[in-house]
Amino acid sequence: MLAVYFDNPGGPENLYIKEVPKPIPGEGEVLLKVAVSALNRADLLQRQGQYHPPPGASSILGLEASGYVSELGPGCQGHWKIGDSAMALLPGGGQAQYVTVPEELLMSIPEGLTLHQAAAIPEVWLTSFQLLHLLGNVQAGETVLIHAGASAVGIAAIQLTRMAGAIPLVTAGSQNKLQMAEKLGAAAGFNYKEQDFCEATMKFTKGAGVNLILDCIGGSYWEKNVNCLALDGRWILYGLLGGEDVSGPLFSKLFYKRGSLITSRLRNRDKKYKQMLVKAFTEQILPHFSKEGSQRLLPVLDRVYPMAEIQAAHKYMEANRNVGKIVLELPQ
């Protein structure tokens, strides 16, 4: 099969398409013929040598994919049949023509969605669902500050926050991105390049601060985050795009507010946790992708690249130009 590959860590120019052996499904696994995969920040970090796949996972890039069930491994107990369309959460391997998936981590594609839209769901929507509900315990009426509000995780988080009856606020780096976020339900958006998001957040909340922060930035935002956190607020850290170092009285500020700092990574969670997460998401959230009306959820696509243009796709994401998901079409 063909797969996205790189021999040495580095820039996008190191990526190429390579013929590699097709994987064989093990006990309880399904072989998925991939039609569409999607690009995530983790793919860029792995290509740079900064984010290694978990033990036992494929070294091929790609944390989510959609396609068709091609083969059932021994011991499969589920309802999947050869030819079924499905989307999958993966620890790696999605940017190839075939990938093996534990059957419990496959999800049916919601009625009315294309394979391209489906490929944009598993990693980012499960991440947002986990951050808001399993870790953040979001409640109706609370205010949620979502950094990188026009990223794929941000776009999912805005919609899930609204669905929970909470109030989403976002940060982003351009007016175009803020407009998209507000169109999807953000109550307000702050351009971090032009204004102090902490001051703007405190003004919006009339000095109370936000109950929950979803933060993929880390170091460079720590002081503003803790300053705009409400009493008993929860700050969920799931990325370090703004650096890993903190210099200053973080603990005393957090202690004064009785705040909680919770960190999370989904990729290296164990199979049991991911099964629980997929089950809860399938039951509680997935039906809303097919519903009409105010509670309908929508994956947002920015660009579609053929697999052969993987270098261009990485360059586009690195330039922070995308609003929503970048997806890759695999040759059939």
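When a residue number appears, it is its place in the shown sequence, counting from 1.
No side-chain donor-acceptor contact under 3.5 Å links Glu318 to the backbone of Leu44. A donor-acceptor pair is defined here as one N or O able to donate and one able to accept, closer than 3.5 Å; such a pair exists between the side chain of Lys325 and the backbone of Leu39. One N or O on the side chain of Lys257 and one on the backbone of Asn227 form a donor-acceptor pair closer than 3.5 Å. Looking at Ser66, its side chain does come within 3.5 Å of a backbone N or O of Leu115 through a donor-acceptor pair. A donor-acceptor pair is defined here as one N or O able to donate and one able to accept, closer than 3.5 Å; such a pair exists between the side chain of Asn14 and the backbone of Asn8. Formation of a donor-acceptor pair under 3.5 Å by the Arg47 side chain with backbone atoms of Leu15 is not found in this model. In terms of modelled atom types and a separation under 3.5 Å, the side chain of Gln139 and the main chain of Asn137 share a donor-acceptor contact. Of the possible donor and acceptor atoms, one in the side chain of Arg41 sits under 3.5 Å from a partner among the backbone N and O of Met317. Proximity of a side-chain donor or acceptor of Gln159 to a complementary backbone N or O of Leu298 within less than 3.5 Å is detected.
Taking the side chain as every heavy atom from C-beta outward, Asn322 and Arg303 never approach each other to under 4.5 Å. Side chains of Pro91 and Lys274 form a contact here, defined as non-hydrogen atoms less than 4.5 Å apart. Residues Gln97 and Val34 have side chains not in contact (no heavy-atom distance under 4.5 Å, counting atoms from C-beta outward). At a threshold of 4.5 Å between non-hydrogen side-chain atoms, the residues Leu106 and Met87 do not count as touching. Here the side chains of Leu297 and Leu160 are in contact, with some heavy-atom distance below 4.5 Å. Under the 4.5 Å side-chain criterion, counting only non-hydrogen atoms from C-beta, Pro9 is not in contact with Gln50. Between Leu105 and Gln275, the closest side-chain pair of non-hydrogen atoms falls below 4.5 Å. Taking the side chain as every heavy atom from C-beta outward, Met163 and Ile285 approach each other to under 4.5 Å.
The number of heavy atoms from other shown groups lying within 6.0 Å of CD (Glu19) does not exceed 12. Environment of CD1 in Ile24: sparse, with no more than 12 heavy atoms of neighbouring residues, nucleotides or ligands closer than 6.0 Å. More than 12 heavy atoms of other residues, nucleotides or ligands sit less than 6.0 Å from atom CD of Glu13. For Tyr305, the OH atom counts as densely surrounded, since its 6.0 Å shell holds more than 12 non-hydrogen atoms of other residues, nucleotides or ligands. Counting non-hydrogen atoms of neighbouring residues, nucleotides and ligands closer than 6.0 angstrom, the OH atom of Tyr256 reaches no more than 12 such neighbours.
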What do the steps show when you test Arg269 against Leu277 for side chain to side chain contact (heavy atoms under 4.5 Å, CB included), and what is the final call?
CA-CA 10 Å; Arg269 293 275 193 176; Leu277 181 64; over 6 Å; no
Which is it for Glu71 and Lys22 under the salt bridge (charged side-chain N to carboxylate O under 4.0 Å, His left out) test, yes or no, and what are the steps along the way?
CA-CA 12 Å; Glu71 189 179 331; Lys22 185 167 76 171; 5.3 Å; no
Would Glu283 and Lys279 satisfy salt bridge (charged side-chain N to carboxylate O under 4.0 Å, His left out), going step by step from the backbone distance to the final call?
CA-CA 6 Å; Glu283 293 171 353; Lys279 185 175 187 292; 2.8 Å; yes
Residue pair Asp43, Gln95: steps toward the side-chain hydrogen bond (donor to acceptor under 3.5 Å, both in side chains) verdict:
CA-CA 10 Å; Asp43 297 316; Gln95 292 172 20; 3.2 Å; yes
Please report the C-alpha distance between Tyr192 and Ile217 in whole Å, then the side-chain angles of each, then the deciding distance to 0.1 Å, and finally whether the side chain to side chain contact (heavy atoms under 4.5 Å, CB included) criterion is met.
CA-CA 12 Å; Tyr192 64 83; Ile217 306 300; over 6 Å; no
Can you check side chain to side chain contact (heavy atoms under 4.5 Å, CB included) on Cys228 and Leu145, steps first, answer last?
CA-CA 9 Å; Cys228 70; Leu145 178 61; 3.9 Å; yes
Apply side chain to side chain contact (heavy atoms under 4.5 Å, CB included) to residues Leu134 and Tyr273 and explain how you reach the verdict.
CA-CA 11 Å; Leu134 277 65; Tyr273 179 92; 3.6 Å; yes
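The CG atom of Asn225 sits 12.0 Å away from the NZ atom of Lys253 when rounded to the nearest 0.5 Å. Summarising the geometry, atom CD1 belonging to Ile326 is positioned 9.0 Å from atom NE2 belonging to His314; distances are rounded to the nearest 0.5 Å. Here the CD1 atom belonging to Ile121 is positioned 12.0 Å from the OG atom belonging to Ser128, to the nearest 0.5 angstrom. Atoms OH and CD1, from Tyr16 and Ile310 in turn, are 13.5 Å apart once rounded to the nearest 0.5 Å. In this structure, CD in Glu329 is found 10.0 Å from CD in Glu309, a value given to the nearest 0.5 Å. Distance CD1/Ile158 to CD1/Ile167: 14.0 Å, rounded to 0.5 Å.
Smallest separation of non-hydrogen atoms from Phe204 and Ala187: CZ-CB, 3.9 Å. Closest approach of Glu64 and Ala38 over heavy atoms only: OE2-CB, 3.5 Å. In terms of heavy-atom proximity, Ala65 sits nearest to Leu90 at CB-CD1, 4.1 Å. Of all heavy-atom pairs spanning Gln195 and Phe190, the tightest one is OE1-CA, 3.4 Å. Between Asp302 and Val323, the closest heavy-atom pair is OD2-N, 2.7 Å. In this structure, Val278 and Glu104 approach most closely via the heavy-atom pair CG1-O, 3.5 Å.
The side-chain hydrogen bond (donor to acceptor under 3.5 Å, both in side chains) analysis of residues 161-178, with sequence neighbours excluded, yields the pairs His147-Thr171.
Just one of Tyr238, Trp235, Tyr221 meets the side-chain hydrogen bond (donor to acceptor under 3.5 Å, both in side chains) condition when paired with Asp215; it is Trp235.
Using a 4.5 Å cut-off between side-chain heavy atoms of Ile, Leu, Val, Met, Phe, Trp and Tyr, with links allowed through other members, Val327 and Ile60 fall into different hydrophobic clusters. Using a 4.5 Å cut-off between side-chain heavy atoms of Ile, Leu, Val, Met, Phe, Trp and Tyr, with links allowed through other members, Val153 and Leu45 fall into different hydrophobic clusters. Leu132 and Ile262 end up in the same hydrophobic cluster when Ile, Leu, Val, Met, Phe, Trp and Tyr side chains are linked at under 4.5 Å. Hydrophobic clustering keeps Met107 apart from Leu63 (ILVMFWY residues linked when any side-chain heavy atoms are closer than 4.5 Å, directly or through intermediates). Note on Leu2: it clusters hydrophobically with Leu330, by side-chain heavy-atom contacts below 4.5 Å among ILVMFWY residues.
Remark: Arg265 fails to qualify as a cation-pi partner of Tyr51 under the 6.0 Å distance and 45° angle criteria applied to the six-membered ring.
Under the 30°/60° scheme for interplanar angles, the aromatic rings of Phe289 and Trp125 are found to stand perpendicular.
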